[in-house]
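Below is one structure; the comments refer to it alone.
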Amino acid sequence: MITIPNIYGTCKGSEKAISLVEEVYEKEKQKDNPKKIYIFKEILHNKSVIEKFKKMGVETINDLSLVTDKDILIIRAHGESKEVIDYLENNNIEYYNATCPNVSRIHKMVYDKHKEDYEIIIIGKKTHPEVVGTNGWCEGKGIIIETEEDLENISSNPNKFIIGQTTFNKDKFYELVVKIKDIFEGCNIIVEDTLCPAVKNLINSGCEVAKDVDIMFVVGGKNSSNTKELNKSLNEFTKSYTFDNINAFYRFVINSELDVHSKIGLTGGASTPKDEIHNYKYLLEFLLFYKMIVKELKEKQDSVNDNLHKYDDHVEVTDLINDFCDLNKNGKYIRGTLIALGERLAKETGRRNYLPLAHAYEMFETSVLIHDDIIDNAKIRRGAETIPRRICKKYLNKCSTKEYFNDTLRLANSLGICAGDLGFYEANKLIVDSYSKNKNLSKILLLYNDIIIKTIKGEIIDVILPFKGKYNFKEITENDILDIYTLKTSWYTIIGPFMLGYTLGGKTTTKEMETTLTNIGIAFQIKDDLLGIFSDKNKIGKSNTSDIEEFKQTLLYSHVIKTEYKKEFLKYYGKKINENDLNKVRTILKESNTYNYINEYLDNIYDNTKKLIDDLDLIDIGKDILKGLLIYIKIREK
């Protein structure tokens with residue numbers, strides 16, 4: 001169970017800052033000659049927000065001299081000194097002020113009281129940007145108090161005006177105020193409570209949840225004072241962890257003991273957008289479901305593999321089946337998880353019966369991969385040697401003649417084909433044996449065969465297009481590549497498994513579901529293409545040069561050959577390459593803007609597909625898990 005407090009994430013000031021940047025950006029985008037937009041220093045203590053604006057072309061800077069009267073500057077939520085405002089106005093620079101309303105109120109009070117010769121005392125962290133900015137409204141002459149030791153810096157001025165950093169700890173603030181009043185008894189001391197009520201309410205709301213859960217997660221900047229304060233308060237009731245990186249959050253959850261029965265609280269600091277917290281929740285929902293299904297599948301995997309040995313087979317058959325079983329137990333089980341999800345969403349109550357179908361599909365996947373490895377002449381699959389590679393290693397050292405060498409290669413590929421064929425029919429048999437009394441068996445088999453046919457059609461296009469592209473028989477388009485992605489990946493990896501589970505649960509998927517799942521599958525393949533070249537081969541469990549050497553037709557390829565880098569790119573694409581060549585290919589893809597183009601393409605799919613998921617006729621948990629799958633695809637490293 002995952003609980004989000006009633007009050008969480010961005011306060012009104014933070015929401016105003018984010019909205020202001022987006023509004024200015026949209027307004028400029030409509031113009032023929034839009035101005036360059038800058039943010040002066042970090043808009044909020046939140047890496048994801050900064051990164052989001054950077055992708056939009058809104059750059060964060062620390063040097064005002066970079067801005068001209070032809071640009072636009074946005075002042076961050078923590079606010080800036082009067083000196084900064086004067087500089088912008090004196091240089092005719094168009095600017096928008098995203099300063100938190102509460103901070104703006106502080107600036108005015110400090111400015112007015114300074115003019116009245118009050119000594120300004122600011123209680124807060126000396127390095128905090130809000131404190132630094134506030135001090136600028138009294139010409140930098142304020143006394144900043146962070147600890148008791150700083151009290152000795154206060155002068156004998158009889159008029160003192162005390163304010164606090166909005167996110168400073170309230171108890172500590174008043175503790176220091178009392179000490180100042182005791183030391184300077186008789187002075188005219190004005191205390192203004194400027195502490196942000198939103199932070200206090202956020203903490204109180206989070207603590208109410210923390211009392212009843214096993215663990216709390218805080219989404220937000222680790223260096224943000226309000227996030228630190230929130231995490232500290234939550235830790236008084238339960239274990240609390242802060243994350244400002246969703247990849248780190250993924251690794252923590254996937255390696256933890258957390259499961260679907262865990263009581264989990266999820267909140268965020270005052271500078272964390274609510275949709276970011278929701279994304280963490282979606283990912284968490286998917287991961288908890290995924291971990292549960294993977295555990296169930298693995299518990300039965302050995303018995304499924306053992307069942308392949310139930311016949312009194314010839315020793316040669318047994319040896320090949322052993323190799324098949326070895327590959328058949330180390331998958332990611334994404335497809336099996338989708339079968340389980342489809343059944344759960346079609347049949348919300350009652351006995352679950354997805355396991356045999358999921359195991360059969362995983363066996364089908366292993367078979368496809370074995371044939372794929374023969375087509376691609378691959379050596380590594382799932383971090384282990386491919387079956388043809390194993391056969392070669394077993395026999396190649398027996399004799400050194402050329403004829404023997406060629407015969408061994410033929411043997412390796414032939415046995416690989418046999419292993420794949422065996423897996424196809426064993427998977428089919430497992431389905432028939434397990435669901436012989438299920439009234440939906442014929443529908444399941446028809447759908448299963450349709451998925452296989454679509455996968456093979458996708459493979460046919462995937463095999464022939466590189467040949468035609470390499471030898472200029474055909475100009476490869478994005479639509480050609482999207483056909484491969486739809487048939488070979490979307491149907492085989494996403495649509496097919498989900499539909500099988502949904503059919504097993506007694507329902508038929510809608511056209512809207514299929515469209516949405518197609519997008520998820522395309523996103524899966526594009527991410528695979530990026531990982532195939534830019535990831536470490538040890539992480540992805542296969543070669544990171546194979547796509548290049550095989551002249552693989554991907555969106556990366558279709559984009560880069562339309563640029564001025566085509567000639568340089570084709571020096572390496574379709575050739576046997578080394579690590580140095582691989583780095584040159586990576587450089588070309590980045591310098592040609594191909595890498596950015598594909599990532600933006602991917603971001604658009606994510607954004608559009610999330611909206612499509614919202615419109616599906618599914619229960620909320622199903623929508624959350626599908627969104628979580630989408631986020632998992634986006635951040636996965638292998």
Taking the ring centre of each residue, are [X] and [Y] less than 6.0 Å apart?
X: Tyr557; Y: Phe551; answer: yes
X: Phe249; Y: Phe217; answer: yes
X: Phe569; Y: Tyr565; answer: no
X: Tyr471; Y: Phe467; answer: yes

### Query
Any donor-acceptor pair under 3.5 Å linking the side chain of Asn247 with the backbone of Ile635?
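A pair under 3.5 Å: yes.
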### Contact list for residues 396-407, test salt bridge (Lys or Arg N to Asp or Glu O under 4.0 Å), sequence neighbours left out
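Sorted pair list: Asp407-Arg410.
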### Message
Enumerate the salt bridge (Lys or Arg N to Asp or Glu O under 4.0 Å) contacts for residues 331-344, please, sequence neighbours excluded, ordered by first and then second residue.
### Response
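As it turns out, the salt bridge (Lys or Arg N to Asp or Glu O under 4.0 Å) pairs with a partner in residues 331-344, which skip direct neighbours, are Arg335-Glu365.
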#### Entry: salt_bridge(Arg389, Asp373) N-O dist < 4.0 Å
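Salt bridge absent between Arg389 and Asp373.
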### ring-ring contact (aromatic ring centres under 6.0 Å, His included) involving Tyr395 - partner list, sequence neighbours excluded
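ring-ring contact (aromatic ring centres under 6.0 Å, His included) check on Tyr395 returns nothing, list empty.
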### Task
Establish, yes or no, whether the cationic atom of Lys590 lies under 6.0 Å from the six-membered ring centre of Tyr595 and within 45° of the ring axis.
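Yes, Lys590 and Tyr595 form such a contact.
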### Query
Is the NZ or CZ atom of Arg636 both under 6.0 Å from the centre of the six-membered ring of Phe524 and within 45° of that ring's axis?
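Yes - Arg636 lies over the ring of Phe524, closer than 6.0 Å to its centre and within 45° of its axis.
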### Query
Checking side chain to side chain donor-acceptor pair (under 3.5 Å) against Tyr333, which of His359, Glu362, Gln301 comes through?
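Of His359, Glu362, Gln301, side chain to side chain donor-acceptor pair (under 3.5 Å) with Tyr333 is met by Gln301 alone.
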